[in-house]
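All values below were derived from every heavy atom in this structure, side-chain atoms included, with hydrogens, water molecules and symmetry-related copies excluded. The first residue in the sequence is number 1, and the count goes up from there.
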Amino acid sequence: MSDREAVAHLLRRATFGPTADEVDAAERAGPAATLDRLLAPGRADRGAAATPPPALAADPYARLTGESTREQRQQANAERREQLQQVTGWWLDRMVAAEDGLTEKLLFFWHGHWATSAQKVKSARTMLGQLETLRRHGRGPLGPLVAAMVRDPALIIWLDGQKNTRKAPNENLARELMELFTLGIGNYTEADVKAGARALTGWVVDRRTGVARFEARRHDPGEKTILGQSGRFDAEAYAGLLAAQPAAATFVAGRLWFRYAGTEVPAPDGLAGADTAATLRALFSTPAFAQSRGTLVKQPVEWLVGALRQLGIRPSALPEQQRKQLLAGLNALDQVPLRPPSVGGWPAGAAWLTTSSLQARLRTAGMLAAATAPAVLARLTAAPTAGRPDALARLLVVDDWSARTRAALTPLADEPRKLLAAGLVSPEYTVS
């Protein structure tokens with residue numbers, strides 16, 4: 001693998017769709033320096049700074065009372081949905097604008113790992129708060145992240161934590177915390193789940209303010225035995241116990257490998273580092289990661305954000321109708337940020353390659369081709385007609401076209417926008 005192929009592979013996986021200019025810069029720097037820069041950017045992210053989170057009004061439900069009418073509640077629900085669309089649109093724009101692509105991609109990983117859906121949480125402020133928590137702790141050690149998440153209002157609502165009391169323990173949060181978020185199946189018992197649920201009792205969420213608070217009268221302060229250790233565990237102590245298990249570091253490293261490298265190449269041993277950044281360094285440095293090139297089907301959000309970046313399209317600069325079309329495209333592809341389908345997160349691999357998803361990609365690709373920035377389109381049309389498939393490969397950071405794809409692209413060379421759309425739905429672009 002050449003240096004250019006190596007850095008292109010790294011950037012495709014570690015970030016959301018590198019541009020040709022970014023690959024050029026990475027090639028000049030070399031693979032090692034490129035990885036160093038990804039993991040420690042060393043400068044403020046100007047794109048992210050220019051795309052601050054939306055200033056949301058108070059949760060519309062805060063103004064409701066016991067005497068509120070049905071119409072007032074319906075209006076509050078409509079305003080909640082509008083706020084959630086605002087946050088979803090902002091995050092999509094932020095993914096495109098951010099210069100620190102690794103952090104944005106990692107945030108999306110954690111969002112799918114601690115899968116929490118606005119369809120149940122409903123509050124945009126609460127979902128935005130969870131993203132801020134994941135961003136704040138996402139690169140660091142597991143302990144502070146788990147401690148923050150067991151007290152995260154959105155996660156508490158999503159997994160019924162507010163229903164968990166000393167008199168009627170609810171095991172949902174404790175079970176998923178061990179099975180899906182930290183340890184994995186086989187590394188805990190049913191007794192650990194029951195004791196863990198007791199440790200989490202007492203935390204409730206004020207649905208009007210979105211703030212989580214501890215109510216001592218609802219907490220079970222008795223001694224509990226969890227994972228072979230006994231004590232008067234509360235939520236923080238329980239989180240610390242989970243994060244300290246060797247199985248937790250191994251499990252999370254495995255989930256990172258699953259999303260960043262796929263399943264075609266087995267994860268090597270020894271990936272788990274002291275923190276997430278160290279684990280990512282080990283992951284991206286292992287020879288097995290290089291061997292995974294061309295095997296990972298892009299998730300719809302990865303596919304769309306990469307295309308937006310490479311075609312010079314900022315969602316926030318599009319007319320409202322086209323912004324709605326972007327979100328409609330993601331909805332048709334079954335992956336809308338803030339709306340994972342279950343606590344297990346989104347699927348992977350061939351699950352994204354259905355007949356209906358191909359039709360949705362075709363529609364969205366046509367819209368993206370039509371909205372391509374003039375300067376980007378000019379780069380394509382500056383190439384002689386016969387060279388446009390190669391110019392397209394450079395633009396979309398595709399290493400090379402197969403003979404079959406090239407044969408399909410060549411007749412479209414005189415129609416640049418159709419050529420772009422075809423490239424976006426090609427196997428070489430859909431699979432990285």
Side-chain angles (χ1 to χ4, degrees), residues 12 15-20 47 51 81-82 84-98 101 104-105 108 297-339 346 352-381 388-389 391-398 401 405 408-409 411-432:
R12 280 192 297 261
T15 72
F16 282 118
T19 65
T51 317
R81 289 193 294 271
E82 186 176 330
L84 283 165
Q85 281 192 328
Q86 186 179 359
V87 173
T88 305
W90 159 77
W91 192 16
L92 193 64
D93 199 51
R94 170 80 168 245
M95 293 176 191
V96 175
E104 291 304 316
K105 184 78 167 284
F108 189 68
V297 179
K298 293 178 183 176
Q299 297 180 71
V301 167
E302 293 177 295
W303 175 82
L304 178 63
V305 173
L308 289 165
R309 298 191 78 249
Q310 289 157 350
L311 302 184
I313 304 169
R314 280 291 298 273
S316 58
L318 293 173
E320 182 180 0
Q321 183 59 33
Q322 287 185 312
R323 293 200 302 273
K324 289 181 177 179
Q325 286 177 338
L326 287 181
L327 293 179
L330 286 177
N331 189 51
L333 290 166
D334 292 326
Q335 189 176 50
V336 178
L338 307 185
R339 287 172 51 190
W346 284 287
W352 298 121
L353 301 179
T354 63
T355 302
S356 61
S357 72
L358 175 58
Q359 294 302 314
R361 283 180 200 270
L362 284 167
R363 290 192 299 270
T364 306
M367 190 273 281
L368 293 171
T372 298
V376 174
L377 191 64
R379 289 190 180 190
L380 186 60
T381 56
R388 285 180 184 172
L392 179 66
R394 175 180 169 78
L395 179 66
L396 299 182
V397 190
V398 169
W401 302 118
T405 298
L409 295 176
L412 303 175
D414 281 329
E415 301 178 86
R417 295 189 190 277
K418 288 186 178 181
L419 181 65
L420 276 171
L424 292 174
V425 298
S426 67
E428 291 82 3
Y429 190 77
T430 304
V431 180
S432 73

(message) Could you walk me through whether M95 and L308 satisfy the side-chain contact (heavy atoms from CB on, under 4.5 Å) test, starting with their C-alpha distance in whole Å, then the side-chain angles of each, then the deciding distance to 0.1 Å, before giving a yes or no?
(response) CA-CA 10 Å; M95 293 176 191; L308 289 165; over 6 Å; no
(request) Starting from the C-alpha separation in whole Å, work towards a yes-or-no answer on side-chain contact (heavy atoms from CB on, under 4.5 Å) for L353 and L358. (result) CA-CA 7 Å; L353 301 179; L358 175 58; over 6 Å; no
(request) Run the numbers on W91 and Q86 for side-chain contact (heavy atoms from CB on, under 4.5 Å), then give the verdict. (result) CA-CA 9 Å; W91 192 16; Q86 186 179 359; over 6 Å; no
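By the side-chain hydrogen bond (donor to acceptor under 3.5 Å, both in side chains) test, Q85 is found to be paired with no residue, residues two or more places apart in sequence or in another chain being considered. Taking the side-chain hydrogen bond (donor to acceptor under 3.5 Å, both in side chains) definition, one finds that T381 meets it with nothing, sequence neighbours left out. Every residue two or more places apart in sequence or in another chain that forms a side-chain hydrogen bond (donor to acceptor under 3.5 Å, both in side chains) with R394 is listed here: D24.
Put simply, CG on L396 and CH2 on W401 are 5.5 Å apart, with the number rounded to the nearest 0.5 Å. With rounding to the nearest 0.5 Å, the separation of CG in L368 from CD in Q325 is 10.0 Å. Of the inter-residue distances, the one linking L419 atom CG with L392 atom CG reads 4.5 Å to the nearest 0.5 angstrom. How far NZ of K298 is from CZ of R361: 9.0 Å, rounded to the nearest 0.5 Å. Considering OG1 of T354 and CD of Q359, their distance stands at 9.5 Å, rounded to 0.5 Å. Atoms CE and CG, from M367 and L362 in turn, are 13.5 Å apart once rounded to the nearest 0.5 Å.
Looking at every heavy atom in both residues, P416 comes nearest to R388 through CG-NH1, 4.2 Å. Pairing each heavy atom of Q322 with each of A371, the nearest pair is NE2-CB, 4.2 Å. Considering every non-hydrogen atom in both I313 and A373, the closest pair reads CG1-N, 4.5 Å. Residues A332 and R363 share a closest heavy-atom pair of CB-NH2, 4.0 Å. In terms of heavy atoms, L424 sits closest to A307 at CD2-CB, 3.8 Å. When all heavy atoms of A360 and L333 are compared, the pair lying nearest together is CB-CD2, 3.7 Å.
Here the two rings, on F16 and W303, have centers that are 6.0 Å apart or farther.
A donor-acceptor contact closer than 3.5 angstrom links the side chains of S316 and D93. Using a 3.5 Å distance cut-off with no hydrogens or angles, the side chains of T405 and E428 do pair a donor with an acceptor.
A donor-acceptor pair under 3.5 Å is formed between the side chain of S426 and the backbone N or O of G423. The backbone N or O of P18 sits nowhere less than 3.5 Å from a side-chain atom of R12 that would complete a donor-acceptor pair. One N or O on the side chain of Q335 and one on the backbone of V301 form a donor-acceptor pair closer than 3.5 Å. With hydrogens and angles disregarded, a donor-acceptor distance shorter than 3.5 Å links the side chain of S357 to the backbone of W352.
When side chains are defined from C-beta on, L420 counts as touching L395, because their heavy atoms get closer than 4.5 Å.
T88 pairs with exactly one of L338, L326, L330 by the side chain to side chain contact (heavy atoms under 4.5 Å, CB included) rule, that one being L338.
R314 CZ: more than 12 foreign heavy atoms inside a 6.0 Å radius.
Between K105 and E302, at least one side-chain nitrogen of the basic residue sits less than 4.0 Å from a carboxylate oxygen of the acidic one, meeting the salt-bridge criterion.
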